[in-house]
Amino acid sequence: MKVLYTIISILVLSTITYAQNLVVDPSFENINTGSLQCALYSGAQFDACANIWSSPTGGSPDIHHTSLATSCRSCAFCVGASCIGNQAPRSGSTMAGLLTYLPSSSFCNPQYREYVQGQLSTPLTIGTQYCVEFYVSWADYCGYATNNIGIQFYTTAMNNTGLCPLGGTPHYTHAAVIDDPTNWTQISFTFTATAAYQYFIIGNYYGNASTTIVNKGGPQTNYAYYYIDDVSVLPCTSNPTITVNNPTICSGQSTTLTASSNIT
């Protein structure tokens with residue numbers, strides 16, 4: 001009886017395969033260590049450091065790495081007057097960082113923004129529902145915190161020199177202000193692909209007038225900044241519940257196995 005039950009269980013489990021994360025380099029680990037710097041001041045420097053991810057605009061997001069000296073602005077455990085915050089990557093040794101608000105700047109008078117652009121291993125399938133997830137942490141030395149961290153999908157990669165908000169309507173925008181400097185806040189949503197998207201951009205797509213801005217009084221008084229890590233995009237599925245109509249299966253008997261959902 002036990003042998004027969006085990007064989008049936010193996011046959012059921014062997015038909016189940018789990019969806020794979022489509023994001024290439026989901027935790028920013030694929031980097032050019034020779035291009036790591038104490039601080040990045042241009043999108044080109046970010047692109048030179050990140051082998052997969054890129055800055056889609058002229059803004060300068062950052063790569064934060066645990067190997068840098070703690071006095072470096074781009075160190076994950078930065079301490080000192082020039083630091084943005086002190087945070088360990090959620091996984092691995094690397095995370096990205098971007099600015100979501102700047103109250104005054106000659107860059108874009110004053111709506112300067114930073115974004116990170118990722119890519120998928122294969123284009124999304126039109127009509128398929130996808131589960132999207134990434135984690136953010138507010139940089140605790142910043143003077144401000146905001147809402148409106150969002151994500152938009154594209155069929156081709158973006159590459160422009162603009163410094164202003166991208167505008168438009170992202171596929172998702174997080175409406176709540178995130179101001180937790182210790183924990184990682186999960187941002188997640190589902191959407192159905194309407195095109196064969198293979199690229200996506202994370203950041204604040206909106207201008208200052210449409211962004212909720214909270215003054216937190218941190219020493220870095222002129223911006224809001226967030227760390228980004230562990231991005232995933234995969235077809236929405238759920239683990240099945242297997243129902244056996246008779247838990248005792250003897251030689252010569254049969255039973256029915258019913259799964260509550262399909263797995264891809």
Side-chain angles (χ1 to χ4, degrees), residues 21 23 25-29 39-40 46 53 59-66 68 70-103 111-116 118 131-152 165 170-191 200-233:
N21 187 1
V23 177
D25 190 22
S27 61
F28 304 92
E29 302 299 320
L40 301 179
F46 179 90
W53 293 78
S60 58
D62 302 292
I63 288 292
H64 298 268
H65 199 267
T66 56
L68 294 170
T70 57
S71 58
C72 287
R73 184 175 182 268
S74 293
C75 179
F77 306 106
C78 184
V79 292
S82 65
C83 290
I84 299 172
N86 186 304
Q87 176 63 279
R90 186 175 180 272
S91 65
S93 302
T94 318
M95 58 191 174
L98 54 84
L99 186 151
T100 63
Y101 167 69
L102 191 65
Q111 321 251 346
Y112 173 76
R113 297 287 185 269
E114 294 174 353
Y115 302 90
V116 290
C131 292
V132 182
E133 176 183 286
F134 59 98
Y135 290 82
V136 304
S137 181
W138 177 63
D140 47 337
Y141 301 152
C142 289
Y144 296 91
T146 74
N147 68 340
N148 281 355
I149 298 177
I151 183 171
Q152 173 78 0
H171 283 98
Y172 180 80
T173 299
H174 194 70
V177 172
I178 297 174
D179 59 359
D180 188 340
T182 304
N183 302 298
W184 287 90
T185 299
Q186 181 192 67
I187 294 180
S188 62
F189 71 102
T190 62
F191 85 110
F200 59 91
I201 296 174
I202 296 174
N204 179 6
Y205 278 71
Y206 297 94
N208 295 347
S210 300
T211 298
T212 300
I213 302 159
V214 178
N215 190 333
K216 303 295 292 185
Q220 302 295 350
T221 59
N222 62 339
Y223 52 79
Y225 191 93
Y226 290 87
Y227 301 111
I228 311 290
D229 207 355
D230 292 335
V231 186
S232 70
V233 177

To the closest 0.5 Å, what do you measure between [atom1] ([X]) and [atom2] ([Y])?
X	Y	atom1	atom2	value
Ile213	Asn208	CD1	CG	4.5 Å
Glu114	Leu98	CD	CG	6.5 Å
His64	Tyr227	NE2	OH	5.0 Å
Asn147	Ser210	CG	OG	9.5 Å
Thr190	His171	OG1	NE2	12.0 Å

Got [X] and [Y] here, is their nearest side-chain heavy-atom distance under 4.5 Å?
X	Y	value
Ile228	Phe28	yes
Pro170	Tyr206	yes
Asn148	Thr100	no
Phe134	Val116	no
Pro89	Thr66	yes
Ile178	Ile187	yes
Tyr223	Cys142	yes

Original post:
Would you say the SG of Cys75 sits under 2.5 Å from the SG of Cys83?
Top reply: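 No, Cys75 does not link to Cys83 through a disulfide.
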Subject >> Pairs involving residues 136-145, ordered by first then second residue, that meet side chain to side chain donor-acceptor pair (under 3.5 Å) (sequence neighbours left out) >> reply: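 Applying side chain to side chain donor-acceptor pair (under 3.5 Å) to every pair that reaches into residues 136-145, excluding sequence neighbours, yields Gln87-Ser137.
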Tell me the closest heavy-atom pair linking [X] and [Y], and the distance in Å.
X	Y	value
Thr94	His65	OG1-CD2, 3.1 Å
Ser74	Ala39	OG-CA, 3.5 Å
Leu99	Tyr225	N-CD1, 3.9 Å
Ser91	Asp230	OG-OD1, 2.5 Å

Original post:
With sequence neighbours excluded, what pairs up with Asp179 under the side chain to side chain donor-acceptor pair (under 3.5 Å) test?
Top reply: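 Side chain to side chain donor-acceptor pair (under 3.5 Å) check on Asp179 returns Lys216.
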**OP:** Just jot down the side chain to side chain donor-acceptor pair (under 3.5 Å) partners of Gln186, sequence neighbours excluded, or say none.
**Re:**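 Applying side chain to side chain donor-acceptor pair (under 3.5 Å) to Gln186 gives Glu133, Tyr135.
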Original post:
Okay, side chain of Asn204, backbone of Tyr101: is any donor-acceptor separation there less than 3.5 Å?
Top reply: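 No; zero donor-acceptor contacts below 3.5 Å.
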**OP:** Go through the steps to decide whether Ser232 and Asn21 satisfy the test side-chain hydrogen bond (donor to acceptor under 3.5 Å, both in side chains), and finish with yes or no.
**Re:** CA-CA 6 Å; Ser232 70; Asn21 187 1; 4.8 Å; no
**OP:** Check Thr212, Thr211, Val214 against Thr146 for a side-chain contact (heavy atoms from CB on, under 4.5 Å) and give me the one that passes.
**Re:**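 Exactly one option meets the side-chain contact (heavy atoms from CB on, under 4.5 Å) with Thr146, and it is Thr211.
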**OP:** List for me each residue that meets salt bridge (charged side-chain N to carboxylate O under 4.0 Å, His left out) alongside Asp180, sequence neighbours excluded, and say none if there are none.
**Re:**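 With sequence neighbours excluded, Asp180 shows a salt bridge (charged side-chain N to carboxylate O under 4.0 Å, His left out) to no residue whatsoever.
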Original post:
Who are the salt bridge (charged side-chain N to carboxylate O under 4.0 Å, His left out) partners of Asp62, not counting sequence neighbours?
Top reply: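 By the salt bridge (charged side-chain N to carboxylate O under 4.0 Å, His left out) rule, Asp62 matches Arg73.
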Subject >> Test disulfide bond (SG atoms under 2.5 Å apart) applied to Cys72 - qualifying residues, sequence neighbours left out >> reply: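 Cys72 satisfies disulfide bond (SG atoms under 2.5 Å apart) with Cys38 only.
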Original post:
Between Tyr205, Phe200, Phe189, which is the residue that forms a ring-ring contact (aromatic ring centres under 6.0 Å, His included) with Tyr172?
Top reply: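 Result: among Tyr205, Phe200, Phe189, Phe189 is the only option passing the ring-ring contact (aromatic ring centres under 6.0 Å, His included) with Tyr172.
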Original post:
Does the pair Trp184 and Tyr226 meet the rule for a ring pair (Phe, Tyr, Trp, His ring centres under 6.0 Å), with working shown?
Top reply: CA-CA 10 Å; Trp184 287 90; Tyr226 290 87; over 10 Å; no
